[in-house]
Amino acid sequence: MSKGKIFSGIRPTASSLHLGNYFGAVANWVKLQDDYEAIYCLVDYHAIIEDYDKDALSDRVLNMAADLLACGIDPQQSILMFQSAVPEHTELAWIFNAITSYGDLQRMTQFKDKSENKEFVSAGLFNYPILMAADILLYHTTVVPVGDDQDQHVELTRGLARRFNSRYGDYFAEPETIHTEAPRIMSLADPTSKMSKSLGEKHFISLFESEDSIHSKIRSAVTDTGLQTDEMSPGVKSLFTLLKLSAPESVYAGFETDYQEGTLKYVALKDAVYEHLVSLIQPIRQRREGMSMEEVRRVLDDGSERARAQAQVTIKTVKQKIGLP
RNA sequence: AGGUCCGUAGCUCAAUUGGCAGAGCACUGGUCUCCAAAACCAGGGGUUGGGGGUUCAAGUCCUCCCGGGCCUGCCA
């Protein structure tokens, strides 16, 4: 039987991947490669719709590609590409603009969140779900692995596929989302917020930063705040999550028992998280170090070329269907 | 294109008739804590969007430019 087809993107807004990217998305991307035909895309056209550093962007694309390869994305198996190398993304997005209702976009909660209290809101920020729909449908993707914050956008994508099909004749399959068991990794300094580069230096741990820095960030992780309750505090829960992801089950179970018996020393938990985390990411760090950027560039160009071949077929058909010469 | 309001620290803002650029939050360090948090103590942080001008003295006044918000007009 034929494999399903996956498309997933990541914005090259930082110079390297952090633990949230890794456990929340990339680790799953690596696993999914075996069961699906996958396209993983650095979505640089998405990166430019909000403030960004033009001098850093192209290096970020390359560096994140290198990070992804180090994490185990296999360019023999999957396609690793960058968006702006395949102009058909924006071409299809424009076409989808014509069948997207203004109201649908206004209802996007992410747009409402991001545009609130911002003095410059680009039209691109408003339109971005359309580009995302184009990214997905351009390759006849059947499965989209995303966090639940992207559900609404995938739902729009399904709606656009349906609307296109009913106006111009069946063509696009409606992609399904899959939610892997991927946990949301929280900021250690503020365990009620998702780990993110944009919150500031304290709020994320890069896969590639120094061990000292990782250690001190974990050591200073917020644990209990305010009054004691029966519930495990978000900060402690977050540390347990990281331990579960990085340590053997027996180690995890030991700490859990300590917690339940009230004998847990948070320092011990933190140091265990640090040690297991570092040994888990050690091989990734080593692969990343040995990587040549020329090779990464070649992989990206090759992936983008293969993707483009598929994209061109889609665009050609779409243009015919909608009546363009 | 016209009208109008605005631009001061990472963020929100203050600075008298023109008179030493400041506060809160955030950040960094310390005390405390198993680690953190809270609290307290200390610290770093600025081309006041940019150029020119008036003045003994400009964040403040004049002028041009850049950027942004709102309104109107025009446009494929």
Side-chain angles (χ1 to χ4, degrees), chain A residues 13-15 18-20 48-56 60 90-91 93-100 102 106 111-127 130 184-206 209-247 251-252 254-278 319 322-325:
Chain A
T13 49
S15 47
H18 59 62
L19 293 178
I48 64 170
I49 62 175
E50 292 178 90
D51 285 345
Y52 75 103
D53 180 351
K54 77 178 165 58
D55 298 318
R60 284 176 175 177
T90 48
E91 202 171 356
W94 180 257
I95 292 167
F96 283 169
N97 262 290
I99 62 167
T100 306
Y102 182 74
Q106 269 184 318
F111 174 74
K112 286 191 276 192
D113 287 348
K114 286 194 169 191
S115 60
E116 201 179 13
N117 302 324
K118 217 176 200 185
E119 39 178 42
F120 184 84
V121 177
S122 73
L125 183 63
F126 185 67
N127 276 306
I130 298 179
R184 268 161 69 94
I185 305 300
M186 308 307 279
S187 157
L188 291 178
D190 174 9
T192 60
S193 304
K194 198 164 98 170
M195 181 174 285
S196 149
K197 184 108 182 169
S198 59
L199 290 175
E201 186 64 32
K202 293 198 308 185
H203 293 274
F204 68 93
I205 292 176
S206 161
E209 70 187 78
S210 78
E211 294 185 10
D212 280 353
S213 172
I214 294 176
H215 190 242
S216 84
K217 282 179 180 178
I218 291 173
R219 265 301 181 93
S220 60
V222 169
T223 54
D224 296 333
T225 56
L227 297 171
Q228 296 268 346
T229 59
D230 292 340
E231 288 256 311
M232 190 185 277
S233 65
V236 178
K237 199 178 285 179
S238 201
L239 288 166
F240 269 104
T241 301
L242 289 173
L243 191 66
K244 181 155 211 148
L245 290 165
S246 57
V251 173
Y252 177 82
F255 279 102
E256 205 172 38
T257 306
D258 288 348
Y259 177 81
Q260 272 153 14
E261 289 171 356
T263 58
L264 177 61
K265 292 274 178 280
Y266 290 141
V267 175
L269 174 62
K270 286 176 173 182
D271 284 344
V273 168
Y274 165 72
E275 273 162 38
H276 289 100
L277 213 47
V278 165
K319 281 180 158 179
I322 67 177
L324 290 169

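What you see below is based on every heavy atom in this structure, not just the backbone, and it leaves out hydrogens, waters and symmetry mates. In what follows, chains carry the letters A, B, and so on, assigned in the order in which the sequence lines appear, proteins first and then strands, with residues in each chain numbered from 1. The model shown is predicted, which means the values in this text are computed figures rather than measured ones.
- Straight-line distance between the C1' atoms of G67(B) and C56(B): roughly 34 Å, to the nearest whole Å.
- When the P atom of C35(B) is taken as reference, atom CZ of Phe255(A) falls 16 Å away, rounded to whole Å.
- Nucleotides C20(B) and G24(B) are separated by 22 Å at their C1' atoms, to the nearest Å.
- Residue Tyr266(A) has its side chain nearest to C34(B) when only C34(B), G68(B), C27(B) are considered.
- In this structure, Ile214(A) atom CD1 and C35(B) atom C1' are separated by 18 Å, rounded to whole Å.
- Listed by chain and number, the residues in a side chain to side chain donor-acceptor pair (under 3.5 Å) with Thr90(A) amount to none (sequence neighbours excluded).
- Take Ser213(A) and apply the side chain to side chain donor-acceptor pair (under 3.5 Å) test, not counting sequence neighbours, and it matches Glu209(A).
- Between Glu261(A) atom CD and C34(B) atom P there is a gap of 20 Å when expressed in whole angstrom units.
- Following rounding to the nearest Å, Leu239(A) (CG) and C35(B) (P) show an atom-to-atom distance of 15 Å.
- When the C1' atom is used for both A23(B) and A15(B), the distance is 10 Å, rounded to whole Å.
- Rounding to whole angstrom units, NZ of residue Lys118(A) and P of C11(B) are separated by 13 Å.
- Contact check for Thr223(A) versus Leu239(A): side-chain heavy atoms found under the 4.5 Å cut-off.
- Ring-centre distance between Phe126(A) and Tyr102(A): below the 6.0 Å cut-off.
- Between Lys270(A) and the phosphate of A36(B), there is no side-chain N or O to OP1/OP2 separation shorter than 4.0 Å.
- Residues Asn97(A) and Thr100(A) have side chains that never bring a donor and an acceptor to within less than 3.5 angstrom of each other.
- Taking atom CZ of Arg219(A) as the reference point, atom P of A37(B) lies 13 Å away to the nearest angstrom.
- For Val222(A), the side-chain atoms get nearest to A37(B) when compared with the rest of C35(B), C27(B), A37(B).
- With distances taken from any side-chain atom of Phe120(A) to the nucleotides G68(B), U28(B), A36(B), the minimum falls on G68(B).
- Rounded to the nearest Å, the gap between the P atom of U17(B) and that of C32(B) is 49 Å.
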Each base of RNA chain B marked ( ) or [ ] if paired in-strand (Watson-Crick or G-U under 3.5 Å), | if paired to another strand and . if unpaired gives (((((((..((((.....[..)))).(((((.......))))).....(((((..]....))))))))))))....
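- Residue-to-nucleotide contacts include no donor-acceptor pair under 3.5 Å from the side chain of Lys265(A) to the base of C35(B).
- Remark: P of G45(B) and CD of Glu201(A) are 20 Å apart, rounded to the nearest angstrom.
- Closest approach of Leu125(A) and Phe111(A) over heavy atoms only: O-CD1, 3.8 Å.
- Comment: Arg219(A) engages Asp271(A) in a salt bridge, judged by a side-chain N to carboxylate O separation of less than 4.0 angstrom.
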